[in-house]
Amino acid sequence: MFGNNNSRAQTSTATRRLMKEYRDLTADPLQDTITAGPVSEDNMLEWEALIQGPEGTPYPADYPLNPFTMTFDPPLLHPNKPNIESGADIECCKLYRDSRPEFERRVREQVRNLLGI
């Protein structure tokens, strides 16, 4: 029973944090380059996002040979593509494929640090 209460508390903390970030993002839409929000306001844990490039250049001139880069701030351990055999973060893909428990431990640690718990 303790685990269930703890899990609910963590979900509540994450939901509060995501609601704050959603309010912040809608108040300052980053110069119309990023549009993001929950798929449904009933579930703040599932979001969709649109990230646009500079005006007049939807993709770099040499795309897809050299796709644009993205930086998560704060850092986020994520393979950055659905196919881990061809992900953007190769080291993360290897960790996900070869040592799933360590990948999940590091992701949980990052989330706790981000949420301050």
Side-chain angles (χ1 to χ4, degrees):
M1 183 179 243
F2 176 75
N4 290 338
N5 289 335
N6 191 29
S7 178
R8 273 186 249 149
Q10 289 176 349
T11 299
S12 178
T13 300
T15 299
R16 282 195 307 274
R17 170 71 182 255
L18 288 168
M19 289 181 78
K20 179 197 178 308
E21 291 180 8
Y22 182 46
R23 283 191 305 271
D24 292 349
L25 187 59
T26 55
D28 178 19
L30 301 174
Q31 303 167 348
D32 298 324
T33 58
I34 297 177
T35 304
V39 173
S40 162
E41 291 190 7
D42 294 332
N43 180 2
M44 291 300 291
L45 299 177
E46 184 177 347
W47 283 42
E48 61 186 356
L50 170 67
I51 302 171
Q52 295 178 219
E55 186 175 331
T57 58
Y59 299 100
D62 56 356
Y63 181 86
L65 299 176
N66 290 310
F68 57 88
T69 59
M70 181 182 299
T71 302
F72 290 95
D73 184 26
L76 177 68
L77 183 65
H78 194 282
N80 203 26
K81 282 189 184 179
N83 178 358
I84 63 166
E85 298 304 320
S86 179
D89 184 339
I90 301 303
E91 293 305 314
C92 180
C93 291
K94 287 179 186 177
L95 184 63
Y96 182 86
R97 182 187 61 229
D98 299 340
S99 182
R100 183 75 61 91
E102 175 62 12
F103 172 85
E104 290 179 3
R105 185 197 67 75
R106 289 175 57 183
V107 169
R108 284 188 181 94
E109 180 181 322
Q110 281 187 340
V111 170
R112 283 189 204 104
N113 289 337
L114 289 171
L115 296 176
I117 56 175

Atom pair CD/CD of E109 and E104 - distance to nearest 0.5 Å:
14.0 Å
Which atom pairs, one a donor and one an acceptor, fall under 3.5 Å between side chains of residues 89-96 and the rest of the protein, sequence neighbours left out?
residue, atom, partner, partner atom, Å
D89, OD1, E91, N, 3.4
D89, OD1, C92, N, 3.0
Y96, OH, R100, NH2, 3.4

Name all residues meeting the side chain to side chain contact (heavy atoms under 4.5 Å, CB included) criterion together with N43; count only those two or more places apart in sequence or in a different chain, and write none if there are none.
L45, E46
When every non-hydrogen atom of Y22 is compared with those of G37, the smallest separation belongs to CE1-CA, 3.7 Å
Side chains of R16 and S12: is there a donor and an acceptor less than 3.5 Å apart?
yes
Nearest-0.5 Å distance, NZ of residue K20 to CE of residue M44:
12.0 Å
